[in-house]
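Below is one structure, written out as structure tokens; comments come after it.
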Amino acid sequence: MHTSTTIRELGEHEGQVVTLRGWLAGRRSGGKILFLTLRDGTGLCQAIVEAQQADAFAATEKLPRESSLSVTGAVRRDARAAGGFEIAVQQVAVLHAGGEFPITPKPHGIDFLMEHRHLWLRSRRPATILRIRHTLIETCRTFFNARGFTLIDTPILSPGAGEDAQTLFPVDYFGETVYLTQTGQLYLESACMALGKVYCFGPTFRAEKSKTRRHLTEFWMIEPEVAFAELGDVMALAEALICACVATVLARHEADLIALGRDLEPLRRVQAPFPRMTYSEVAERLRSDATRQQIETEMAQERRQLQAWIDQRGTLELKLAGTQRTWEQDKLQLEIHALRTEVEDLERDLENRPRHMELAASFTWGKDLGGSDETIISRQFERPVFVTHYPAEAKAFYMKRVPGDRPVVLNMDLLAPEGYGEIIGGSQRVDVLEAAIRDKGLKPEDYDWYLDLRRYGSVPHGGFGLGIERTLTWLCGLKHVRETIPFPRTLGRMYP
RNA sequence: UCCGACGUAGCUCAAUGGUAGAGCGGGUGGCUGUUAACCACUAGGUUGCAGGUUCGAGCCCUGCCGUCGGAGCCA
């Protein structure tokens with residue numbers, strides 16, 4: 001029996017005979033020599049099988065990709081191996097010879113990949129994103145723990161609406177209808193009155209019939225709640241949290257982010273203080289000539305980019321027609337395929353722009369900001385932007401009001417830059433509750449326990465919710481939230 | 001719920017209304033340093049489903065189903 005090790009630690013065993021256990025990620029053959037690529041969850045490495053090792057050669061010569069196996073052999077340094085080390089195989093034990101693996105090293109469409117999400121996770125890109133997700137979550141927890149917050153697990157089954165009854169998932173609970181939680185907030189407020197500074201982290205569910213790159217029906221949210229906090233304190237907390245998340249992800253995952261194609265410069269610019277605007281200022285800005293001109297400029301740039309990509313594709317296609325060697329054709333076809341996807345995305349974006357411009361130009365005070373409005377505003381800043389003081393009519397009952405002709409609430413949304421939009425929503429909480437509930441057409445008796453919080457020693461308090469998937473989409477520079485969660489639940493997809 | 005695009009081999013895509021093809025993946029054979037290897041041969045199709053127009057439909061029309069993107073709503 002030889003030392004078992006992992007691919008990550010291979011370099012520490014140079015010259016020794018070790019055993020690696022993992023999956024067959026790929027194979028190339030050279031007649032009397034095989035180049036296996038092994039994957040074990042810590043990395044990838046090359047294993048060499050020569051024909052003299054007759055048993056090992058026979059065992060792996062036709063082994064399908066993604067079969068599981070353990071290989072034993074000497075670790076040696078070789079510049080030709082990716083990672084710098086390779087293993088010269090002496091023995092192979094096939095743990096399970098698989099069937100033909102559906103996902104090939106060639107491009108696939110998103111529908112096919114999502115249909116095979118359980119297998120797609122083995123590919124490098126999903127695994128990279130999930131590791132960054134792990135870091136993001138760990139950073140959030142560490143951030144709150146270090147500041148004296150107590151973790152409170154709030155229930156997932158709940159008797160009533162947190163925000164909007166229209167978007168609740170009903171569940172049969174021994175003959176009664178209860179709902180999957182949309183937020184832990186109301187329960188968190190109770191715990192806040194007991195422990196001062198608290199946070200919850202868990203899945204939340206919204207039955208929104210939205211099919212956009214920003215939406216999941218099941219997503220994870222981290223929500224802090226702080227006693228004696230006013231809106232400014234809540235904003236300062238959110239700002240510090242985002243700075244910590246960006247800094248930690250940059251520090252630990254620079255290579256991963258580059259592998260995902262993320263431009264690091266915009267992330268490096270994420271430093272406090274973030275710009276702050278009121279809703280009314282945003283409404284004016286949306287309707288302004290400057291914004292219209294900005295969108296037109298962006299569209300002109302996009303059209304130029306689109307033409308450049310189309311020209312580039314044409315050049316590559318010509319080159320492809322004149323190319324003999326197939327490996328070069330292969331590479332050209334991949335580039336053409338990637339360009340085609342980029343062109344399609346950009347064309348779609350350009351199609352939507354006039355509509356978004358129209359929506360912004362005709363924006364009226366009182367509406368909540370739409371996704372396209374957030375995108376427009378967040379493209380105007382290099383750092384995340386706070387938008388505060390939304391119309392009370394557009395927001396939930398539990399936000400504290402500022403009285404006036406057109407009442408606003410002490411709330412804030414944080415918009416991620418580069419067009420990503422809202423990643424945080426929060427507020428200072430209401431203290432005169434019953435009237436607020438009635439104003440929203442809700443029944444106070446449904447919220448009796450929550451009303452108790454204002455009957456027994458209420459204090460000013462506030463908090464916010466951070467959407468993990470949207471934040472991760474922004475950090476990784478992805479086009480769609482569905483890649484940031486292991487098994488996305490969207491309108492129209494429940495499988496696998 | 002509404003608007004738009006798409007649906008061809010296991011996968012990614014071609015195919016003026018006129019004989020359904022390529023590459024990858026699979027199979028067989030060859031090659032001792034490959035890097036999403038390469039070379040030769042090979043199998044693989046009810047063109048999403050149901051109607052319609054036409055001498056003739058993958059292509060045109062209608063309906064349905066599915067996927068993708070957007071609006072409303074939202075983290």
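Below, chain A is the first sequence line, B the second, and so on; all start at residue 1.
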Query raised in the report: Is it true that a side-chain atom of A:R401 and a backbone atom of A:A392 form a donor plus acceptor pair closer than 3.5 Å?
Result: no
Query raised in the report: Which residue, A:E218 or A:K367, contacts RNA chain B at a nucleotide closer to its 5' end, judged by nearest heavy atom?
Result: A:K367
Query - Closest-nucleotide ordering on RNA chain B, the 5'-leading residue of A:F101 and A:A394 - result: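 Nearest nucleotide further toward 5': that of A:F101.
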Over how many whole Å does the gap from [X] atom [atom1] to [N] atom [atom2] extend?
X      : N      : atom1 : atom2 : value
A:Q185 : B:rC74 : CD    : P     : 15 Å
A:F57  : B:rU32 : CZ    : P     : 9 Å
A:R77  : B:rG33 : CZ    : C1'   : 18 Å
A:K106 : B:rU12 : NZ    : P     : 14 Å
A:L216 : B:rA75 : CG    : C1'   : 9 Å
A:L415 : B:rC74 : CG    : P     : 14 Å
A:Q182 : B:rC74 : CD    : C1'   : 10 Å
A:D111 : B:rU67 : CG    : C1'   : 5 Å

Go through the side-chain N and O atoms of [X] and [Y] and say whether any donor and acceptor fall under 3.5 Å apart.
X      : Y      : value
A:Q53  : A:Q90  : no
A:Y279 : A:N411 : no
A:S67  : A:W23  : no
A:T217 : A:E208 : no
A:H108 : A:T104 : yes

Residue list, side-chain contact (heavy atoms from CB on, under 4.5 Å) with [X], at least two apart or on another chain:
X      : answer
A:L121 : A:R117, A:P126, A:L130, A:F487
A:I485 : A:R133, A:L216, A:W220, A:E469, A:P488
A:V270 : A:I242, A:V246, A:F274, A:P384, A:W474

Strictly below 4.0 Å: does [X] bring a side-chain N or O up to OP1 or OP2 of [N]?
X      : N      : result
A:H480 : B:rC68 : no
A:K62  : B:rG29 : yes
A:R482 : B:rG69 : yes
A:H215 : B:rA75 : no
A:R214 : B:rA75 : no

Query raised in the report: Nucleotide by nucleotide, 5' to 3', does protein get under 4.0 Å of the base (B), only the sugar-phosphate (S), or neither (-) in nucleotides 3-8 of chain B, counting heavy atoms?
Result: ------
Query - Parallel, tilted or perpendicular: ring planes of A:F144 versus A:F464, cut at 30 and 60 degrees - result: tilted
Which is true for [X] with a 4.0 Å heavy-atom rule: it touches a base, it touches only sugar-phosphate, or it touches nothing?
X      : value
A:D78  : base
A:G421 : nothing
A:E469 : nothing
A:F219 : base
A:E422 : sugar-phosphate
A:E223 : nothing

Report summary line: A correct dot-bracket answer for RNA chain B, with pairs being Watson-Crick or G-U at under 3.5 Å, [ ] for crossing pairs and | for inter-strand pairs, is (((((((..((((....[..)))).(((((.......))))).....(((((..]....))))))))))))....
Query - Steps toward side chain to side chain contact (heavy atoms under 4.5 Å, CB included) verdict (A:R353, A:E298) - result: CA-CA 10 Å; A:R353 285 301 199 114; A:E298 283 171 6; 2.9 Å; yes
**Report entry** Within-4.5 Å side-chain heavy-atom neighbours: A:R493 and A:T490
**Finding:**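 Of all side-chain heavy-atom pairs linking A:T490 with A:R493, at least one is under 4.5 Å.
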Query raised in the report: Between A:E66 and A:R122, is the closest basic N to carboxylate O distance under 4.0 Å?
Result: yes
Requested in this report: Look at the side chain of A:R493 against the base of B:rC68 and say whether a donor-acceptor pair falls under 3.5 Å; ignore hydrogens and angles.
Outcome: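 No pair found.
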Query raised in the report: When only distance counts, do a donor and an acceptor, one from the side chain of A:S210 and one from the base of B:rG72, lie under 3.5 Å apart?
Result: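 Yes.
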Query raised in the report: Looking at residues 26-35 of chain A, who's got a heavy atom less than 4.0 Å off RNA chain B?
Result: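 The answer is A:R28, A:S29, A:G30, A:G31, A:K32, A:I33, A:F35.
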